[in-house]
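Beneath this line is the structure, given in structure tokens, with notes to follow.
Chain A is the first sequence line, chain B the second, and so forth, proteins listed ahead of strands; every chain is numbered from 1. This one's a predicted model, so the numbers in the text were calculated from it and none came from an experiment. Just the heavy atoms: all of them, side chains too, but no hydrogens, waters or symmetry mates, feed the values below.
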Amino acid sequence: MSQKIQPPKGTRDFYPADMAIQNHIFGAWRRVCARFGFQEYEGPSFEHLEMYTGKSGDEIVGQLYNFTDKGGRDIALRPEMTPTLARLANQLGRNLRKPARWFSLPRLWRYEKQQRGRLREFFQLNMDILGSDNVSADAELIAAACRICEELGLKSGDVVARISSRRLISTLLDELGCTDKPPVYLALDRREKLPREDFVKGLGEAGLTEDGIRRLDALFDAKSLAEVTDLVSSDDAKAALAELETLFQLLAAHGVADWCKFDPTVVRGLAYYTGVVYELFDAGRSLRAIAGGGRYDDLLSKMGGERMPAVGFGMGDVVIAELLKDKGLLPTGIPGPDLWLVSVDGDEIRQAAVAAKLRAAGKEVGFAFGGGKLGKQMQAAQENGAKRAVFVGSDRVAADQVEVKDLATGEQTVSTVEALCL
RNA sequence: GUGGCUGUAGCUCAGUUGGUUAGAGCUCCUGAUUGUGGUUCAGGAGGUCGUGGGUUCAAGUCCCAUCAGCCACCCCA
């Protein structure tokens with residue numbers, strides 16, 4: 001047993017039953033994307049290493065699967081899709097029809113220690129809208145993320161989209177005289193984890209006064225947008241707040257208000273977010289984030305293109321599958337053919353001919369090789385997930401007839417191959 | 001990268017204070033059922049106890065290392 005080669009750490013094997021689950025999730029992703037008018041794109045599964053180091057610095061290399069190819073090029077398996085998307089968009093330049101609504105289902109790789117909901121190889125739905133400043137685009141994506149959860153059988157009480165705004169925090173920090181924002185974002189992101197004094201100290205070093213820290217606390221403790229109104233005074237901050245209010249009106253119009261909640265503590269560690277940010281979690285918070293995203297208006301220009309407002313989110317396949325499993329919402333068994341031929345007289349020539357005729361008519365047909373006892377053939381029909389058994393070569397019916405048994409109900413009827421082709 | 005827990009048949013697990021041929025359920029195979037599956041009954045196959053080393057008269061049971069899994073931290077694109 002130990003001699004057998006195991007799959008590499010953090011990877012998964014997909015047996016038919018696993019693929020059925022995978023296809024269940026992918027199917028929901030594709031259906032909702034289609035309903036929202038998104039178009040699918042793809043890119044290479046590996047890119048130049050600098051595409052990732054340029055954005056996040058060299059320490060990112062520790063989390064990449066990278067290598068030098070035979071031509072001496074530094075290559076990395078893609079750990080995320082957004083840089084590839086940005087590259088594609090920048091290549092198109094002005095030929096990109098805006099706003100573009102694009103989605104992709106990339107397989108991604110990250111060299112990380114695996115845990116529940118986090119593997120080294122996984123899939124992630126990416127939905128992005130390029131070229132729209134409008135908050136309607138933000139709403140569109142949040143609504144899509146909620147609809148995907150719904151499509152998979154989850155209820156609004158199972159999942160909550162926690163929504164905040166980088167812009168709101170940023171403009172408030174301007175008001176408070178903050179000179180160095182990135183460290184503040186980091187501190188805010190860990191507000192619940194850091195000891196209080198470290199939190200206060202960190203903010204103080206970033207130029208915040210005691211009064212400023214008090215106002216930040218008030219923002220982070222706010223349970224609704226209304227509570228924030230009194231906390232902001234600058235025009236910029238008021239505009240950011242108004243944008244959030246519009247967002248929630250739009251989300252209500254989309255019919256996903258029950259799924260969404262204003263939560264100022266959502267900051268997201270990623271530096272490139274500039275506006276609305278959100279994360280979807282299971283209500284019990286027992287798992288990692290199901291999805292996360294936001295507005296990143298400056299990213300494409302930073303990657304060498306022209307300014308291009310953009311919004312997007314990513315939803316991994318691992319966490320959502322865990323949640324569906326916990327909720328008992330995963331399909332069981334393997335998908336089988338509609339029909340399973342059972343040869344009564346052992347005439348495999350005739351069986352093959354019947355199968356060919358049915359298949360030509362578009363029917364799904366399987367059968368056991370080499371015939372065998374009817375009990376065995378019936379068992380094979382069941383094990384292969386067939387819905388109906390078709391007895392071919394029965395002497396109980398006319399030569400051109402077959403007996404058809406519904407495996408779920410046990411009901412058996414007489415028919416003909418021609419009738420089954422319809 | 002740091003810390004903790006775990007690793008026994010294909011799967012889920014039980015194995016007393018270290019002591020004769022390592023157990024159960026499920027799965028699988030065969031038969032009851034030579035024209036019909038899912039139920040039931042009977043029988044059978046399948047582990048040297050993750051791997052390597054050490055302690056001991058004796059180790060699945062103790063110690064070390066290593067690999068793998070789980071959990072937390074870190075990180076989270």
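The nearest whole Å value for the distance from the CZ atom in A:Phe281 to the C1' atom in B:rC76 is 10 Å. Atom CZ of A:Phe122 and atom P of B:rA77 are 11 Å apart (whole Å). Atom CG in A:Leu119 sits roughly 14 Å away from atom C1' in B:rC76 (whole-Å rounding). In this structure, A:Arg120 places its CZ atom 11 Å from P of B:rC70, rounding to the nearest Å. Remark: C1' of B:rC76 and CG of A:Leu287 are 15 Å apart, rounded to the nearest angstrom. Taking atom CD on A:Glu279 and atom C1' on B:rC75, their separation rounds to 14 Å, with Å as the unit. We find that CE of A:Met303 is positioned 12 Å from C1' of B:rA77, with the value rounded to whole Å. Note: CG (A:Asp406) to P (B:rG37) measures 15 Å, nearest angstrom.
Pair assignment for B:rU2: B:rA72, on the basis of Watson-Crick or G-U wobble contacts that are both within less than 3.5 Å. If you check B:rU51 for Watson-Crick or wobble pairing at under 3.5 angstrom, you find it paired to B:rA65. Under the Watson-Crick and G-U wobble criteria, each requiring two contacts below 3.5 Å, nucleotide B:rU56 is left unpaired. Using N1 to N3 plus N6-O4 or O6-N4 for Watson-Crick, or N1-O2 and O6-N3 for G-U wobble, each under 3.5 Å, B:rC11 pairs with B:rG25. Remark: B:rU33 base-pairs with no nucleotide; criterion is Watson-Crick or G-U wobble with both hydrogen-bond distances under 3.5 Å.
Across the P atoms, B:rU33 and B:rG69 are found 49 Å apart, a figure rounded to whole Å. For the C1' atoms, the distance from B:rU27 to B:rG44 is 14 Å, rounded to whole Å. For the P atom pair drawn from B:rC57 and B:rG46, the interatomic distance equals 35 Å after rounding to whole Å. Separation of the P atoms belonging to B:rC64 and B:rG7 is 15 Å when rounded to the nearest angstrom. For the P atom pair drawn from B:rC71 and B:rU48, the interatomic distance equals 29 Å after rounding to whole Å. A distance of about 26 Å separates the P atoms of B:rA77 and B:rG3, rounded to the whole Å. Atom name P, nucleotides B:rG43 and B:rU36: the rounded distance is 25 Å, in whole Å. Separation of the C1' atoms belonging to B:rU16 and B:rU12 is 22 Å when rounded to the nearest angstrom.
The A:Met378 side chain lies nearest to B:rG37 when the options are B:rC71, B:rG37, B:rA77. Relative to the side chain of A:Lys113, the nucleotides B:rG37, B:rU2, B:rC28 differ in distance, and B:rU2 lies closest. Between B:rA77, B:rU36, B:rG69, one nucleotide has an atom nearer to the side chain of A:Glu80 than all others, and that is B:rA77. If you check B:rG37, B:rU36, B:rA77 against the side chain of A:Phe391, the one that comes closest is B:rU36. Comparing B:rA68, B:rA77, B:rC70 by their closest approach to the side chain of A:Gln114 singles out B:rC70. Here B:rG31 is the nucleotide among B:rC28, B:rA77, B:rG31 with the atom lying nearest to any side-chain atom of A:Lys373. Relative to the side chain of A:Gln63, the nucleotides B:rG69, B:rC76, B:rC75 differ in distance, and B:rC75 lies closest.
Using a 4.0 Å heavy-atom distance criterion, A:Gly314 is classed as making no nucleic acid contact. Looking at heavy-atom distances under 4.0 Å, A:Ala408 makes contact with a base. Backbone-only engagement by A:Arg116 is indicated by non-hydrogen atom pairs under 4.0 Å involving sugar-phosphate atoms exclusively.
Between the side chain of A:Lys376 and the base of B:rU36 there is no donor-acceptor pair of N/O atoms closer than 3.5 Å. Applying the 3.5 Å distance criterion, the base of B:rU36 shares no donor-acceptor pair with the side chain of A:Gln379. A donor-acceptor contact under 3.5 Å links the side chain of A:Arg118 to the base of B:rC75.
No hydrogens or angles considered: a donor-acceptor pair under 3.5 Å links the side chains of A:Thr265 and A:Asp263.
RNA chain B is contacted by both A:Arg110 and A:Gly410; A:Gly410 maps to the nucleotide lying nearer its 5′ end (nearest heavy atom per residue).
Annotation: side chain of A:Arg288 is in contact with side chain of A:Gln115 (closest heavy-atom distance under 4.5 Å).
The side chain of A:Gln115 places an N or O atom within less than 4.0 Å of a non-bridging phosphate oxygen (OP1 or OP2) of B:rA72. For B:rU36, neither phosphate oxygen OP1 nor OP2 lies less than 4.0 angstrom from any side-chain nitrogen or oxygen of A:Gln377. For B:rG38, the OP1/OP2 oxygens have no side-chain nitrogen or oxygen of A:Lys387 closer than 4.0 Å.
Around atom CZ of A:Arg307, more than 12 heavy atoms belonging to other residues, nucleotides or ligands sit under 6.0 Å away. Within a 6.0 Å sphere centred on CD of A:Gln91, heavy atoms belonging to other residues, nucleotides or ligands number more than 12.
Under the 30°/60° scheme for interplanar angles, the aromatic rings of A:His254 and A:Phe36 are found to lie parallel. The aromatic rings of A:Phe367 and A:Phe369 sit perpendicular to each other, their planes meeting at more than 60°, with 30° as the lower class boundary.
Residue pairs meeting the side-chain hydrogen bond (donor to acceptor under 3.5 Å, both in side chains) criterion with at least one partner in residues 352-374 of chain A, sequence neighbours excluded, are A:Lys357-A:Glu418.
Rounding to the nearest 0.5 Å gives a distance of 4.5 Å between OG1 of A:Thr68 and CG of A:Asp74.
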